[in-house]
Amino acid sequence: EVHFVAGHPVITGLTGPLEPRADLFEKSVFCLAADVETHPDALELASNLARRVGAEPLFIDVQEHDGIVALVEQLPQLLGLALMQMSSESSGWREARRLAGRRFAQVTDMGRSPEGLASTLHANREHLVQRLAQFQEELAAWQQILADVNEDELALLLKKIIGDREQWESVASRQAWGEETSPGALQEEGPGFLRQMFFGNLLRKRGEDRKGPA
């Protein structure tokens, strides 16, 4: 006769140390998940708890939640782990470690609990394997972009990506998730537009190179 509700508060504050404070959960998203047999009173109790600490309850399917967390939380952790392993096991690490600064430290900071991290990664490994496969495709695309595009084309792509990141940070820092934003001209073309443009140009250039001068 126990009804279980999973809760996952998304801590606000994108920069600086996280310190205990009264408004730590203010306006933050508090994910709540349960199965179809969970009693409505249990969901209401969990929802009231989220609101009492200032958060906004978000009812979400368990599988959807785990898939999203694999992308935005655990995949970055895996990438940091992979970077640290690759760096520390490379032949030039003795010299490279002296040049590794703040950015390297931020990316590779996994906390001090390998057992806890292993438990969460292993529990969500099914979704993580899928996300890793997607990221491998993305890395292959970036490898081709860096090898073949010119500086102006690269700057255009980076401008779009940095703009997307700044837009997300602005909304996330204010927890203004209902705020509507006006997409730029490139965004209106739809997802993947820039990549299609780059690869289209690359294929056309390669075709011209094979034909040779007229």
Side-chain angles (χ1 to χ4, degrees), residues 1-15 18 23-82 107 109-111 113-141 160-161 163-183 187-193 195:
E1 299 180 358
V2 173
H3 296 275
F4 183 81
V5 180
H8 173 204
V10 182
I11 305 299
T12 57
L14 303 179
T15 58
L18 286 176
D23 63 344
L24 182 62
F25 300 103
E26 190 69 29
K27 294 184 179 180
S28 65
V29 174
F30 203 119
C31 298
L32 298 174
D35 62 30
V36 295
E37 297 180 356
T38 300
H39 196 283
D41 289 348
L43 284 173
E44 184 178 2
L45 180 63
S47 178
N48 289 339
L49 171 63
R51 290 192 174 94
R52 287 293 296 273
V53 298
E56 293 292 333
L58 174 64
F59 296 97
I60 187 171
D61 177 77
V62 174
Q63 291 297 321
E64 181 183 8
H65 169 271
D66 291 351
I68 294 174
V69 166
L71 173 64
V72 300
E73 184 171 319
Q74 295 177 324
L75 181 59
Q77 290 176 316
L78 277 178
L79 300 181
L81 290 168
V107 173
D109 183 8
M110 298 297 114
S113 177
E115 295 82 8
L117 182 57
S119 178
T120 58
L121 296 180
H122 187 266
N124 203 25
R125 61 190 183 280
E126 182 178 347
H127 289 102
L128 275 171
V129 168
Q130 296 175 2
R131 294 301 187 182
L132 279 172
Q134 293 174 341
F135 198 76
Q136 286 175 333
E137 294 179 1
E138 194 67 26
L139 284 178
K160 165 66 168 57
I161 296 171
D164 289 343
R165 203 272 180 190
E166 290 176 345
Q167 184 181 85
W168 163 77
E169 183 178 11
S170 174
V171 174
S173 62
R174 294 178 287 111
Q175 296 293 309
W177 301 115
E179 182 179 283
E180 295 295 333
T181 55
S182 299
Q187 291 175 316
E188 292 175 357
E189 299 290 346
F193 166 70
R195 184 181 297 172

S.K.: Considering residues, nucleotides and ligands other than E56, do more than 12 of their heavy atoms fall under 6.0 Å from its CD?
M.R.: no
S.K.: Does Q134 have any side chain to side chain donor-acceptor pair (under 3.5 Å) partners at least two apart in sequence or in another chain, and if so, which?
M.R.: R131
S.K.: Using 30° and 60° as the class limits, which term best fits the ring planes of F30 and F25: parallel, tilted or perpendicular?
M.R.: tilted
S.K.: So, for Q175 and K27, which heavy atoms are closest and what is the spacing to 0.1 Å?
M.R.: OE1-O, 2.8 Å
S.K.: Does E26 offer a backbone N or O that forms a donor-acceptor pair with the side chain of D23 under 3.5 Å?
M.R.: no
S.K.: How close do P57 and L32 get, counting heavy atoms only, and between which atoms?
M.R.: CB-CD1, 3.9 Å
S.K.: So which heavy atom on M110 is nearest to which on G80, and how close?
M.R.: CE-CA, 4.1 Å
S.K.: Looking only at atom types and distance, does a side-chain atom of R125 sit under 3.5 Å from a main-chain N or O of H122, one as donor and one as acceptor?
M.R.: yes
S.K.: Could you work out, with side chain to side chain donor-acceptor pair (under 3.5 Å) as the rule, every residue matching Q74, not counting sequence neighbours?
M.R.: N124
S.K.: For a quick test of reading the model, state the closest non-hydrogen atom pair linking I60 to A33 and the distance between them.
M.R.: O-CB, 3.3 Å
S.K.: How long is the straight-line distance from CG of L71 back to CZ of F135, given to the nearest 0.5 Å?
M.R.: 10.0 Å
S.K.: Measure the CG-CG distance between L81 and L117 for me, rounded to the nearest 0.5 Å.
M.R.: 5.5 Å
S.K.: If you compare all heavy atoms of L43 against all heavy atoms of A34, which two are closest, and at what distance to 0.1 Å?
M.R.: CD2-CB, 3.8 Å
S.K.: Can you tell me how far apart CD (E169) and CZ (R174) are? Round to the nearest 0.5 Å.
M.R.: 11.0 Å
S.K.: Could you list the residues that satisfy side chain to side chain donor-acceptor pair (under 3.5 Å) with Q63, not counting sequence neighbours?
M.R.: H127
S.K.: Hey, what do you get for NE2 (H39) to CG (L45), rounding to the nearest 0.5 Å?
M.R.: 12.0 Å
S.K.: Give a yes or no on whether F59 atom CZ has more than 12 heavy-atom contacts from other residues, nucleotides or ligands under 6.0 Å away.
M.R.: yes
S.K.: Taking T38 for its side chain and D35 for its backbone only, find out whether a donor-acceptor pair lies under 3.5 Å.
M.R.: yes
S.K.: Look up atom CG in L132 and atom CG in L79, then write down how far apart they are to the nearest 0.5 Å.
M.R.: 7.5 Å
